[in-house]
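All residue numbers in this chain count up from 1 along the given sequence. Side chains are part of it too, since the values below use all heavy atoms of this structure and drop only hydrogens, waters and symmetry mates.
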Amino acid sequence: MQKGVTSIFLVQNAWKYITYHKYNSLILLSALVLGFLFPLLAVNDINDVVRDGEVARFEDASHMAVIEYLMKYRDEAEMEAAVNRCQDEDMFETAGYAFVQNEIVYAGEESYTCGICGISKDYLSLSGYEMVSGAFFSEKDYTADGERVCLLGTGGTLVENGVGVGDMIEIAGEDYRVKGIVRAPRIYGGLLLPYARTVELFSSAGITFQYQVITHGEEVPRPESLARQLFSLDSMYEGMLTAQTGKELEEVYYGSIWELNRYRILRAAIVIVFAGISLLLLFTGMILRERHDMAVRIALGGSRAMLWLESVIRNILLVLAAFLITLLLYPFISGLVMGTGSRLLYRTVLQVGICGALFVVLIGSIVLAFGFRKQNVAMLLKE
């Protein structure tokens, strides 16, 4: 009971100190908001790179084959017949396929050139994806007479310009409802359609498309031979076939993704370091300004331990308030800084929140430990 009363007393004292020194507290609160905001943007940028890498990793790369090549449009019946034929010959257990083509897409009053990707039912489950918001395609959506719906990729042009779940977009004069937003780094294009829906868009086009087929099986043959078993290729595109095992593709992919994003990670690290230095200097200065008040309380018999706990509680209250304000401001500020409001990952909130609170408490504890030794009390009072 005594401990509970003491804890309440410490919190009340900390709150009274904050409200009594309201201008100092407001300055500190504003500095903390800025101190949290930019590390939050930076850490989320790093986590975004890491999450892309996690989502793009095959569950079982040793039994995957990925084939990419150019060919004329194949309707769904032809694609399924080729897959079924290879399954009957035990070349793989399951396969997903997709192709991409750039088209003009209208969203509201704006038009965008967007990569449209037609996917089969099994493609995303083999490729790897994360549903960010909304819902994935249903069985009915994959049929030609289902509702016209689409998915948007997190890194696509439409999402970057604010198109979200439930919005309507127009492709070739037809309206499509955005059903979900997915994180799927390896998928071609930024807009995904069920494969059956691509017939009305591309079947009459006399052009070639970039196709990808992902297969999975216990005994996967060499991808080059598998590609030729799946589809006969036009001789002029024979040299444009790329076939790799899942392991080979992951080596290439992960080598390139970290190389490509090295600048983003370095930039984020620099922001975090400078934010930490700024908070260190700020808190040190604020605590040193309080030395005389602290010395008076010590001289009147105040416990150093209680003063330390009160300081910790005061800092935690300010950190919590600043962090909540930062979370509220984050969508707006990220939109200004990055051009679009980025999705704040849960791990980012935990990492920055916990590390920020520990950092602030550690700074305060170190300054108090070195600035309020018993032999210095008389000197501080004299000052």
Side-chain angles (χ1 to χ4, degrees), residues 7-48 50 264-265 267-291 293-294 297 306-372:
S7 299
I8 294 171
F9 176 74
L10 286 171
V11 172
Q12 287 176 338
N13 267 7
W15 179 248
K16 285 177 182 177
Y17 192 95
I18 290 171
T19 54
Y20 183 77
H21 298 279
K22 51 183 177 295
Y23 296 116
N24 283 348
S25 298
L26 282 172
I27 291 170
L28 191 55
L29 184 67
S30 302
L32 279 171
V33 170
L34 293 174
F36 272 123
L37 187 58
F38 290 100
L40 207 62
L41 290 165
V43 173
N44 203 58
D45 206 30
I46 293 176
N47 281 330
D48 215 40
V50 173
R264 285 173 66 186
I265 296 170
R267 178 185 62 189
I270 291 171
V271 169
I272 293 167
V273 168
F274 276 99
I277 293 172
S278 298
L279 283 178
L280 173 63
L281 296 174
L282 175 70
F283 263 84
T284 301
M286 295 294 285
I287 292 171
L288 290 177
R289 284 187 63 186
E290 300 168 4
R291 287 193 303 174
D293 290 345
M294 290 286 194
R297 295 178 67 181
M306 286 297 185
L307 289 175
W308 174 79
L309 278 173
E310 188 181 309
S311 175
V312 168
I313 291 169
R314 185 166 69 249
N315 290 340
I316 288 176
L317 289 174
L318 286 169
V319 164
L320 182 60
F323 195 59
L324 292 175
I325 293 170
T326 305
L327 293 181
L328 292 174
L329 291 176
Y330 182 86
F332 173 71
I333 299 298
S334 65
L336 289 179
V337 174
M338 301 179 179
T340 179
S342 65
R343 177 174 174 260
L344 187 59
L345 297 176
Y346 180 67
R347 67 177 68 177
T348 302
V349 175
L350 285 180
Q351 290 166 350
V352 176
I354 293 173
C355 290
L358 291 175
F359 184 71
V360 167
V361 170
L362 181 63
I363 293 171
S365 301
I366 290 172
V367 174
L368 283 171
F370 284 94
F372 298 95

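Taking the side-chain contact (heavy atoms from CB on, under 4.5 Å) definition, one finds that L358 meets it with I354, sequence neighbours left out. In this structure I316 satisfies the side-chain contact (heavy atoms from CB on, under 4.5 Å) test together with V312, V361, sequence neighbours excluded. In this structure, the side-chain contact (heavy atoms from CB on, under 4.5 Å) partners of L327, at least two apart in sequence or on a different chain, are L40, F323, L344, V349.
Nearest heavy atom pair, residue L29 against residue A321, reads CD1-CB, 3.9 Å. Between F36 and G356 the shortest heavy-atom distance is CE2-CA, 3.8 Å.
Side-chain contact between T326 and V352 is absent, with no heavy-atom pair separated by less than 4.5 Å.
Among pairs with a residue in residues 348-357, those fulfilling side chain to side chain donor-acceptor pair (under 3.5 Å) read N44-T348, N47-T348, N47-Q351, at least two apart in sequence or across chains. For the salt bridge (charged side-chain N to carboxylate O under 4.0 Å, His left out) condition, the pairs that include at least one residue of residues 347-359, sequence neighbours left out, are E54-R347.
Note that the CG atom of L26 and the CG atom of L318 stand 9.5 Å from one another [nearest 0.5 Å].
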